[in-house]
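Side chains included, hydrogens not; waters and symmetry mates left out as well; all remaining heavy atoms used. Chain letters run A, B, ... following the sequence lines, proteins first and then strands; every chain starts at 1.
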Amino acid sequence: MSNTIRVRFAPSPTGPLHIGGVRTALYNYLFAKRYNGKFILRIEDTDDKRFVSNSESYILETLKWCKIIPDEGVGYGGPHTPYYQSKRGNIYKLYIDKLLKKGEAYYAFDTYNDLCTRKIEYAKKGLVFSYDHKTRMYLNNSLNMKEKELYHKLSSCYPYVIRYRVNPGQTLKINDIIYGDIKMSTDYLDDKILLKSNGKATYHLANTIDDYLMGITHILRGEEWISSVLFHVLLYKSFGWKIPFFAHLPLILKKNSKLKISKRTINNSDFPIYPIKWISYEENKIIDGYRELGYFSEAFVNILALLGWNPGGNKEILSMKELEKSFSLKRIKKSNVFFDIKKAEWLNKQYIYSKKKEVYFFVKKLLNKRCLSFSTFYLWKVINLIINRISFMNEGIWNDIFYFFVSPNFYTKKSFLYKISFERSIFYLKEINYSLNNYIFLYNKLKKNFISQYKDKNKRIIFMKLIRLALVGSLKGVDLFIILEMLGKKESIRRIKVLINNIKEKKFL
RNA sequence: GGCUCAUUCGUCUAUUGGUUAGGACGUCAGGUUUUCAUCCUGGAAAGAGGGGUUCGAUUCCCCUAUGGGCUACCA
């Protein structure tokens with residue numbers, strides 16, 4: 001018997017994984033790596049009403065992108081196949097029978113409508129209906145039936161569910177690795193459904209059985225499960241199983257609504273919640289994820305890892321390997337966290353310096369798309385010039401580099417021209433072109449010549465702005481003399497002439 | 001309503017029974033630059049409130065407040 005740590009990530013395929021789910025997967029993965037354990041991926045597809053067909057591939061692709069690779073599970077095989085709960089129905093039924101025999105579970109025939117009306121009745125009185133030890137004796141279940149009636153109902157295919165019979169008056173307790181002691185009296189527990197009327201197990205049952213059968217030693221999951229963890233403990237006790245360690249993770253909250261992130265409330269989130277692109281066939285739309293927005297998976301994982309956990313000390317930029325080495329459950333916080341998109345942006349920028357090669361190929365792709373071709377040497381020069389001006393690897397890069405490849409097709413800072421009047425602008429630009437024609441287009445020489453020719457600083461500034469406007473189309477961009485050198489004499493002069501013509505023809509009034 | 005969990009700068013957080021409560025993002029100011037970005041320097045910014053315990057509490061305990069989670073034949 002080995003003492004290997006075994007953890008699992010068990011999403012339900014009811015839609016895309018959001019960043020909260022990814023972080024849960026990440027923490028499980030890091031914990032496994034840190035202690036040489038196994039990380040298992042199980043798909044909890046017990047809810048066929050909410051089933052969304054492309055979620056599974058989404059989950060798999062997301063984990064792959066993040067380099068959170070399972071040791072076992074869906075897509076990876078392993079000794080506990082199948083890792084789909086939908087394919088483990090027979091196993092669950094076996095255990096339900098045990099509970100039934102022990103009298104710890106019972107059949108309930110109340111229809112959905114029955115229970116709804118009860119809820120409404122209770123609500124009218126300001127109460128909340130709960131199917132529990134106080135109410136079950138008045139409801140339509142096998143506890144209140146003669147054996148004959150039960151037999152009749154079962155044999156004539158009445159729809160039923162199977163509920164757990166909670167014994168009141170006990171105090172349940174666990175010691176959560178993160179939250180510490182969690183206590184609750186069974187008086188407040190309801191008789192949860194174990195088997196739905198469609199014959200499928202509910203989360204509580206399937207999850208508990210699978211965790212036991214798959215040898216899960218530590219359960220790391222979101223804090224929203226704290227309220228049912230003691231019910232799960234009850235189940236473990238009923239089956240006589242050793243209770244695993246629990247570690248509930250603080251939730252990631254949305255800043256504007258202060259609610260936990262969920263698949264349903266994507267619309268009012270103040271930050272993207274999907275790791276990668278999600279194609280919703282139901283709603284017929286595509287939502288970009290962090291990958292599409294230009295985040296590096298390393299940066300994405302880094303920022304997620306730091307949400308509720310930190311290795312101590314001031315180091316914030318951590319590779320997966322470093323995370324694996326320093327991860328510990330003890331350093332996870334208890335309070336929920338807000339996701340700061342600004343910090344995520346900054347962090348991604350920190351990674352971009354080490355990603356020049358990727359940027360190079362990305363830029364090359366952008367050029368190919370536009371049927372443009374430049375030498376490797378020239379391209380690398382551009383990359384080195386603009387690497388500190390970009391934060392994301394997305395189409396937006398083009399705005400920072402286009403002027404090295406094509407002339408501007410509009411002038412965003414044309415208001416500058418009004419300040420000095422159009423006539424004067426044309427006059428100046430013509431003078432500039434005359435001067436440039438006599439320069440040698442090398443950075444140092446350009447700079448030296450220009451400065452010595454235009455000694456009056458104010459005039460020089462105006463001239464330089466005019467040139468920049470002609471070359472870039474706005475008053476942004478890298479060192480002007482570098483741009484001139486890069487573009488060369490012919491192209492620079494040509495762009496200035498284009499600007500002159502545009503002003504003459506009042507193309508941008 | 002019930003059960004349950006939490007609370008350090010705006011945000012992520014460090015640290016501690018005795019500290020000028022530290023860092024990062026953001027923000028503000030200044031410097032660098034022809035411009036934008038980068039970069040550099042500096043500033044503002046926090047222990048929810050009230051009681052205890054203690055020589056001393058942000059740290060330990062209690063209460064209150066605020067916020068979160070759950071309260072489904074969803075996970």
Side-chain angles (χ1 to χ4, degrees), chain A residues 10-15 44-47 49-50 85 108 110-112 115-116 119 122-123 126-131 159-163 176 178-180 182-185 187-190 192-200 202-204 206-207 221-230 248 250-251 253 255 258-260 262-263 303 306-310 312-317 331 333-347 349 353 386-391 400 413 416 450 457-458 460-469 472 474-481:
Chain A
S12 67
T14 53
E44 309 221 323
D45 49 350
T46 52
D47 182 2
K49 273 185 216 140
R50 293 198 305 154
Q85 291 190 330
D110 318 82
T111 64
Y112 180 75
L115 296 175
C116 270
K119 271 177 199 166
Y122 270 64
L127 299 167
V128 177
F129 172 75
S130 169
Y131 207 119
Y160 66 87
V161 300
I162 292 175
R163 288 181 182 268
D176 189 276
I178 292 159
Y179 284 90
I182 296 170
K183 273 183 276 189
M184 195 171 66
S185 162
D187 294 2
Y188 302 112
L189 240 35
D190 63 329
K192 288 201 191 312
I193 290 174
L194 303 175
L195 195 77
K196 298 183 260 191
S197 59
N198 64 1
K200 293 204 173 189
T202 58
Y203 169 84
H204 303 293
N207 184 274
R221 49 156 42 162
E223 189 246 40
E224 73 259 39
W225 293 109
I226 278 192
S227 41
S228 40
V229 67
L230 291 173
H248 288 89
L251 265 18
L253 265 28
K255 219 166 176 176
K258 291 192 172 178
L259 298 173
K260 73 164 180 168
S262 71
K263 293 158 194 167
I303 193 78
L306 257 22
L307 232 45
W309 171 86
N310 76 86
N314 291 331
K315 198 166 184 220
E316 289 194 300
I317 297 172
R331 290 196 69 89
K333 289 225 320 170
K334 291 180 189 171
S335 48
N336 296 338
V337 295
F338 292 107
F339 185 78
D340 185 359
I341 190 69
K342 285 275 185 233
K343 189 148 188 179
E345 285 173 15
W346 169 81
L347 197 66
K349 200 183 176 74
Y353 297 104
I386 55 93
I387 195 74
N388 67 345
R389 317 176 76 86
I390 53 180
S391 301
D400 292 299
K413 278 283 183 201
F416 167 71
F450 195 86
K457 199 181 174 190
N458 290 331
R460 197 164 71 222
I461 288 174
I462 291 172
F463 273 36
M464 289 175 84
K465 283 188 174 173
L466 281 170
I467 300 172
R468 181 175 292 282
L469 196 63
V472 181
S474 69
L475 298 181
K476 288 182 180 175
V478 306
D479 191 315
L480 185 63
F481 298 106

Novice: Do Leu127(A) and Phe129(A) come close enough that some side-chain heavy atom pair is under 4.5 Å?
Specialist: no
Novice: Grab the N/O contacts between the protein and nucleotides 25-29 of chain B below 3.5 Å, and write none if there aren't any.
Specialist:
| from | atom 1 | to | atom 2 | distance (Å) |
| --- | --- | --- | --- | --- |
| C25(B) | O2' | Lys343(A) | N | 3.2 |

Novice: Is any side-chain heavy atom of Arg460(A) closer than 4.5 Å to one of Lys457(A)?
Specialist: yes
Novice: Can you check each nucleotide of nucleotides 61-68 of chain B against protein heavy atoms at under 4.0 Å and return B for base, S for sugar-phosphate only, - for none, in 5' to 3' order?
Specialist: -------B
Novice: Regarding Tyr188(A), tell me which of base, sugar-phosphate or nothing describes its non-hydrogen contacts under 4.0 Å with the strands shown.
Specialist: sugar-phosphate
Novice: Students often get this wrong, so: under 4.0 angstrom with heavy atoms, is Lys49(A) touching a base, only sugar-phosphate, or nothing?
Specialist: sugar-phosphate
Novice: Can you check the Tyr160(A) OH to C73(B) C1' distance for me, whole Å?
Specialist: 13 Å
Novice: Side chain of Arg468(A), base of U34(B): donor and acceptor closer than 3.5 Å?
Specialist: yes
Novice: Starting at the 5' end of RNA chain B, which residue's closest nucleotide do you reach first, Phe129(A) or Asn310(A)?
Specialist: Asn310(A)
Novice: What I'd like to find out is whether the side chain of Leu251(A) reaches to under 4.5 Å of the side chain of Glu223(A), using heavy atoms alone.
Specialist: yes
Novice: What does Arg221(A) touch in the nucleic acid at a heavy-atom separation under 4.0 angstrom: a base, only the sugar-phosphate, or nothing?
Specialist: nothing
Novice: Please state whether the rings of Trp225(A) and His204(A) are parallel, tilted or perpendicular, taking 30° and 60° as the class boundaries.
Specialist: perpendicular
Novice: Would you say the side chain of Lys192(A) lies within less than 4.5 Å of the side chain of Tyr131(A), judging by non-hydrogen atoms?
Specialist: no
Novice: Does Lys196(A) have a side-chain nitrogen or oxygen under 4.0 Å from the phosphate oxygens OP1 or OP2 of C74(B)?
Specialist: yes
Novice: Give the nucleotide from the list G1(B), A75(B), U4(B) with an atom nearest to the side chain of Met184(A).
Specialist: U4(B)
Novice: Using heavy atoms to find the nearest nucleotide of RNA chain B for Arg163(A) and Val337(A) separately, return the residue whose nucleotide is more 5′.
Specialist: Val337(A)
